[in-house]
Amino acid sequence: MRLRRKWWARPELEKDDKAVFDPMRYKGTWKELFGSDRPIHLELGCGRGRFINELAKMNSHINYLAIDVYDELLVYVLRKANESRLDNLKVISINAQNLGDIFAQDEIEKLYINFCNPWPNKRHHKRRLTHPNFLGLYQTFLKSGSEIWFKTDSEFLFTDSLEYFAAAGFKELYKTSDLHQSDFQGNVMTEYEEKFCTQGIKIKFGRFKNSK
C-alpha cells in the first residue's frame with residue numbers, strides 16, 4: 001500500500017507521548033514505559049487503528065502497542081486514542097523485520113496480524129508476515145504459551161500460513177474460512193474487514209499458540 005505523504009503527520013505525532021520514536025531504548029523495559037505491570041499485546045500493521053483502539057477500550061487491564069511503517073496512518077490511531085482518553089495504547093513507526101531490536105524475550109503476550117500483504121508472487125513469499133522467518137523472529141519475544149491471532153481475506157495466504165505456523169512449531173487452536181459465519185465469539189472488526197465484508201469476501205481467521 002502506498003500513501004500520499006502528509007507533511008503534518010510526523011509533527012503531530014511528535015507532540016504526543018503515545019508515539020515512540022526511539023523504541024530500541026525500551027527493549028526489555030516496555031512495562032516501565034507504560035508505568036504498569038499489565039501484559040503487553042502487539043498489533044502489526046495497525047492501519048488507522050480501529051481494531052487496536054477498540055481492544056484498548058475493552059481491556060483496560062492490558063497495554064497495547066500498535067506498529068505501522070506509515071506516520072500517515074499512525075496519526076489517526078492516536079487521534080482515536082486521544083478521543084477515548086486511553087492510557088494503555090502507544091504507537092511505533094517501524095518495519096516488522098526490526099522487531100527483534102526493540103523487544104526482549106517473553107516481553108509480548110499476544111500478537112495480532114490483520115490483513116497483511118499476501119505477496120502472491122512466490123519470490124516474495126519471505127516478505128509475508130506469517131512466513132516461518134517472521135514467525136521465528138516473533139518467537140524471540142513472545143512468551144511461551146502466548147498466541148498469534150491472524151486474519152486475512154486471501155485464501156492462498158491463509159492456506160500457506162497454516163503450513164507456516166505448523167512448520168514453526170505453533171499449535172493450531174482455532175481456524176475458520178468464514179469468520180463471520182463461524183462460532184467464534186469476541187471478534188473486533190478492522191477497517192479492511194468491514195470493507196471486505198460489504199463486498200461479500202469471506203474472512204479467514206486462525207489462533208495459534210507459541211509452544212516454544
Side-chain angles (χ1 to χ4, degrees), residues 1-3 41-52 55 65-70 73 92 94-103 105 108-212:
M1 177 179 64
R2 293 185 180 273
L3 293 177
H41 293 186
L42 171 68
E43 183 187 13
L44 302 185
C46 59
R48 288 176 174 250
R50 171 179 172 175
F51 175 83
I52 200 72
L55 285 181
L65 289 170
I67 286 180
D68 211 290
V69 295
Y70 296 107
L73 293 176
I92 309 171
I94 194 172
N95 192 297
Q97 65 186 12
N98 298 319
L99 292 177
D101 296 328
I102 68 173
F103 296 124
Q105 184 177 359
I108 302 299
E109 297 194 25
K110 184 176 287 187
L111 177 64
Y112 299 96
I113 304 174
N114 295 320
F115 303 99
C116 61
N117 191 327
W119 294 108
N121 192 310
K122 187 173 182 178
R123 65 177 179 172
H124 294 150
H125 283 187
K126 289 185 179 181
R127 300 182 185 181
R128 292 171 167 177
L129 292 183
T130 56
H131 188 274
N133 289 350
F134 274 104
L135 295 179
L137 172 62
Y138 307 149
Q139 286 172 320
T140 66
F141 57 80
L142 281 174
K143 277 191 172 183
S144 179
S146 60
E147 296 182 20
I148 294 180
W149 288 23
F150 171 56
K151 283 196 283 192
T152 181
D153 61 302
S154 170
E155 184 67 50
F156 59 83
L157 175 61
F158 189 63
T159 299
D160 288 350
S161 295
L162 295 178
E163 297 180 5
Y164 295 160
F165 280 106
F170 284 80
K171 180 180 179 181
E172 182 184 295
L173 299 179
Y174 184 91
K175 70 177 178 182
T176 176
S177 294
D178 191 353
L179 174 59
H180 291 243
Q181 295 299 318
S182 72
D183 59 356
F184 182 77
Q185 301 293 317
N187 180 51
V188 175
M189 295 266 280
T190 75
E191 290 94 345
Y192 275 124
E193 187 172 351
E194 183 175 42
K195 175 183 176 181
F196 292 138
C197 287
T198 61
Q199 297 173 351
I201 298 174
K202 295 179 179 179
I203 307 303
K204 295 78 180 170
F205 171 72
R207 290 174 49 212
F208 306 90
K209 181 178 179 180
N210 179 30
S211 300
K212 290 188 177 181

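If you read the sequence from its start, that first residue is 1, and numbering goes on from there. Just so you know, these numbers use all the heavy atoms, side chains as well, and skip hydrogens, waters and symmetry mates.
Applying the ring-ring contact (aromatic ring centres under 6.0 Å, His included) criterion to His180, with sequence neighbours excluded, gives no partner residue. Listed by chain and residue number, nothing satisfies the ring-ring contact (aromatic ring centres under 6.0 Å, His included) test with Phe158 (two or more places apart in sequence, or in another chain). For Lys143, the salt bridge (charged side-chain N to carboxylate O under 4.0 Å, His left out) partners at least two apart in sequence or on another chain are Glu109. Judged as a ring-ring contact (aromatic ring centres under 6.0 Å, His included), and not counting sequence neighbours, the contacts of Phe103 are Trp30, Phe141. Evaluation of the side-chain contact (heavy atoms from CB on, under 4.5 Å) rule for Pro132 yields Tyr164 as partners, not counting sequence neighbours. Asp160 is linked by a salt bridge (charged side-chain N to carboxylate O under 4.0 Å, His left out) to Arg128, counting only residues two or more places apart in sequence or in another chain. Take Trp149 and apply the ring-ring contact (aromatic ring centres under 6.0 Å, His included) test, not counting sequence neighbours, and it matches Tyr112, Phe184, Phe205. Checked against side-chain contact (heavy atoms from CB on, under 4.5 Å), Leu173 has the following partners two or more places apart in sequence or in another chain: Glu147, Lys171, Arg207, Lys209. Partners of Gln181 by side-chain contact (heavy atoms from CB on, under 4.5 Å), not counting sequence neighbours, listed by chain and number: Asp178. Under the salt bridge (charged side-chain N to carboxylate O under 4.0 Å, His left out) criterion, Glu43 pairs with no residue at all, not counting sequence neighbours. Applying the salt bridge (charged side-chain N to carboxylate O under 4.0 Å, His left out) rule to Glu194 yields the partners Arg50; only residues at least two apart in sequence or on another chain are considered. Partners of Asn95 under the side-chain contact (heavy atoms from CB on, under 4.5 Å) rule, at least two apart in sequence or in another chain, are Val69, Gln97, Asn98.
Of the inter-residue distances, the one linking Leu99 atom CG with Ile94 atom CD1 reads 6.0 Å to the nearest 0.5 angstrom. In this structure, CG in Leu142 is found 11.5 Å from NZ in Lys110, a value given to the nearest 0.5 Å. Interatomic distance, Thr190 OG1 to Arg48 CZ, rounded to the nearest 0.5 Å: 13.0 Å. Annotation: the span from Gln139 atom CD to Ser144 atom OG amounts to 9.5 Å, rounded to 0.5 Å. Once rounded to the nearest 0.5 Å, the distance linking NE2 of His131 with CH2 of Trp119 reads 13.5 Å. The structure places CZ of Phe115 at 11.0 Å from OG of Ser154, a figure rounded to the nearest 0.5 Å.
Inter-residue side-chain proximity for Glu193 and Leu179 is flagged as met; some heavy-atom pair is nearer than 4.5 Å. Looking at Tyr174 and Ser182, their side chains come closer than 4.5 Å, going by heavy atoms from C-beta outward. Using a 4.5 Å cut-off on side-chain heavy atoms (C-beta onward), Leu162 and Lys175 make contact. In this structure, Phe196 and Thr152 have side chains that are not in contact, with every pair of non-hydrogen atoms separated by 4.5 Å or more. Between Tyr192 and Ile203 the shortest side-chain heavy-atom distance does not fall below 4.5 Å. Side-chain contact check for Asn117 versus Leu157: every heavy-atom pair is 4.5 Å or farther apart. Contact check for Arg123 versus His125: no side-chain heavy atoms found under the 4.5 Å cut-off.
Among Asn210, Leu42, Leu135, the single residue meeting the side-chain contact (heavy atoms from CB on, under 4.5 Å) criterion with Ile148 is Leu135.
A donor-acceptor pair under 3.5 Å links the side-chain atoms of Lys204 to the main chain of Lys202, judged by distance alone. Judged by distance alone, the side chain of Asp68 and the main-chain N or O of Cys46 form a donor-acceptor pair under 3.5 Å. In this structure, the side chain of Thr159 does not engage the main chain of Phe156 through any donor-acceptor pair within 3.5 Å.
Ring geometry for Phe170 versus Phe165: interplanar angle over 60°, hence perpendicular rather than tilted (30 to 60°).
For Glu172, the CD atom sits in a packed shell: over 12 heavy atoms of surrounding residues, nucleotides or ligands are nearer than 6.0 Å.
The shortest heavy-atom contact between Phe51 and Val188 is CD1-O, 3.3 Å. Nearest approach of Leu129 to Cys116, heavy atoms of both residues: CD1-CB, 3.8 Å. Counting all heavy atoms, side chain and backbone alike, Lys126 lies closest to Phe134 at O-CE1, 3.5 Å.
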side-chain contact (heavy atoms from CB on, under 4.5 Å) evaluation trace for Thr130 with Phe150
CA-CA 9 Å; Thr130 56; Phe150 171 56; 3.7 Å; yes
